[in-house]
*Asks:* 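The structure is given below, and queries will be raised subsequently.
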Amino acid sequence: MLANSIVVLDFETTGLSPDQGDRAIEIGAVKLENGIVTDRFQALMNPGRRINSFIENYTGISNTMLATALPCAEVMTDFADFIGESNLLAHNASFDSRFLTAEFSNLGRQVLGEFTCSLLVSRRIYQDAPNHKLGTLINYKNIAADGSFHRALFDAEMTAELWLIMLKDISERYGLENIPFSLIKRLTRTPKAQIAKLLTNYAAKVL
DNA sequence: TGCCAGGCCCTCTTTAGGGCCTT
């Protein structure tokens, strides 16, 4: 697995907290290499119990659909092989990171790559956006969205497209040709008021 | 019994509270 690839992922789940017993019910992901989608992963998974009507309505995933899905363990084993050592990206990564860690923990596997978060980046570079929900940002950046939000693969695809546009916008705004993953990690840890200074100084060193 | 997420981020802040995001 190439260390410089990034896997953009999204979980649909039974609820908000694996610590409260919630489980994954769908994983969707796209692999980006040099700004191009080179692979995709999508699977429903059976969490071993019924999901409530809020989740059915929110995701469009029904108990009937999950009844014939493979168990979480089988799906997540395949997904662990899919992501390998790739770095990882999600919109509000703290949420997906918790579920990925919890599901991997059940398998005795570990998350090997580093996570970063498109929500934290968008709050820093799109301060004029109405809000920073994924759907709002897709509309804000005029990204064509032909599919259903709150399904894992579609949300992962949309997050990947948003990600590439954010990188392009940062590049153009600060005159950078390449934006390494390490710079994005620094950006997400930097207060909004210091973002311009961080990127301007970085550009001055590179050029 | 009663309660039940958690991390980020702002502000009327740090001896705290509440909105935003994810399902």
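Given the structure is predicted, the values throughout are model-derived calculations rather than measurements. We name chains A, B, ... by the order of the sequence lines, and we start the count at 1 in each one.
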*Asks:* Hey, which of A:R23, A:E103, A:R98 is the one that makes side-chain contact (heavy atoms from CB on, under 4.5 Å) with A:P18?
*Replies:* A:R98
*Asks:* Considering only atom P, compute the distance from B:dC12 to B:dG18 and round it to an integer number of Å.
*Replies:* 15 Å
*Asks:* What's the CG-P distance between A:D19 and B:dA5, to the nearest Å?
*Replies:* 10 Å
*Asks:* Please determine if a side-chain N or O atom of A:H132 lies less than 4.0 Å away from the OP1 or OP2 oxygen of B:dC20.
*Replies:* no
*Asks:* Pick the closest DNA chain B nucleotide for A:L119 and for A:S94 by heavy atoms, then say which residue is nearer the 5' end.
*Replies:* A:S94
*Asks:* Touch check for A:D155, heavy atoms < 4.0 angstrom, all strands: base, sugar-phosphate only, or nothing?
*Replies:* sugar-phosphate
*Asks:* Separation of A:F95 atom CZ from B:dC21 atom C1', in whole Å?
*Replies:* 10 Å
*Asks:* In whole angstrom, what separates A:H150's NE2 from B:dC21's C1'?
*Replies:* 12 Å
*Asks:* Distance between the P atoms of B:dC3 and B:dG7, in whole angstroms?
*Replies:* 23 Å
*Asks:* Using a 4.0 Å heavy-atom cut-off across all strands, classify A:N131 as base, sugar-phosphate, or nothing.
*Replies:* sugar-phosphate
*Asks:* With DNA chain B as reference, determine whether A:S17 or A:D10 sits nearer its 5' end, using the nearest nucleotide of each.
*Replies:* A:S17
*Asks:* Base, sugar-phosphate, or nothing: which does A:R23 touch, judged by heavy atoms less than 4.0 Å apart?
*Replies:* nothing
*Asks:* When the distance from OH of A:Y126 to P of B:dC21 is rounded to whole Å, what number comes out?
*Replies:* 15 Å
*Asks:* Aromatic rings A:F11 and A:F99: how do their planes relate, parallel, tilted or perpendicular, breaks at 30° and 60°?
*Replies:* tilted
*Asks:* Taking any heavy-atom pair under 4.0 Å as a contact, classify A:D22: base, sugar-phosphate, or nothing.
*Replies:* nothing
*Asks:* Using whole Å, report how far CZ of A:R123 lies from P of B:dG7.
*Replies:* 14 Å
*Asks:* Rounded to the nearest Å, what distance is computed from the CD atom of residue A:Q194 to the C1' atom of nucleotide B:dC8?
*Replies:* 16 Å
*Asks:* When all nucleic acid strands are considered with a 4.0 Å heavy-atom cut-off, which category describes A:T14: base, sugar-phosphate, or nothing?
*Replies:* nothing
*Asks:* Given B:dC10, is OP1 or OP2 found less than 4.0 Å from the side-chain N or O atoms of A:K192?
*Replies:* yes
*Asks:* Heavy atoms only, 4.0 Å cut-off, all strands: where does A:I25 land among base, sugar-phosphate and nothing?
*Replies:* nothing
*Asks:* Is it possible for you to check whether A:K31 lies under 6.0 Å from the centre of the six-membered ring of A:F82, through NZ or CZ, and within 45° of that ring's axis?
*Replies:* yes
*Asks:* Taking only the C1' atom of each, what is the distance from B:dC4 to B:dC9 in whole angstrom?
*Replies:* 24 Å
*Asks:* Could you walk me through whether A:R151 and A:E12 pass the salt bridge (Lys or Arg N to Asp or Glu O under 4.0 Å) test, one step at a time?
*Replies:* CA-CA 7 Å; A:R151 285 300 301 268; A:E12 305 306 318; over 6 Å; no
*Asks:* For atom P, what is the distance between B:dT15 and B:dG19, given to the nearest Å?
*Replies:* 22 Å
*Asks:* Nearest whole angstrom, please: distance from the C1' of B:dC21 to the CD1 of A:I138.
*Replies:* 15 Å
*Asks:* For the side chain of A:L120, counting heavy atoms from C-beta on, which of B:dT23, B:dG7, B:dC9 is nearest?
*Replies:* B:dC9
*Asks:* With rounding to whole Å, what would you report as the distance between B:dG6 and B:dG2 at their P atoms?
*Replies:* 22 Å
*Asks:* Rounded to the nearest angstrom, tell me the gap between atom CD in A:E12 and atom C1' in B:dT22.
*Replies:* 10 Å
*Asks:* With a 4.5 Å cut-off on side-chain heavy atoms, are A:I179 and A:Y202 touching?
*Replies:* no
*Asks:* Could you measure the distance from the OG1 atom of A:T14 to the CZ atom of A:F54? Nearest 0.5 Å is fine.
*Replies:* 12.0 Å
*Asks:* What contact category does A:F11 fall into here, base, sugar-phosphate, or nothing, at under 4.0 angstrom with non-hydrogen atoms?
*Replies:* sugar-phosphate
*Asks:* Report yes if at least one side-chain N or O of A:R189 is closer than 4.0 Å to OP1 or OP2 of B:dC8; otherwise report no.
*Replies:* no
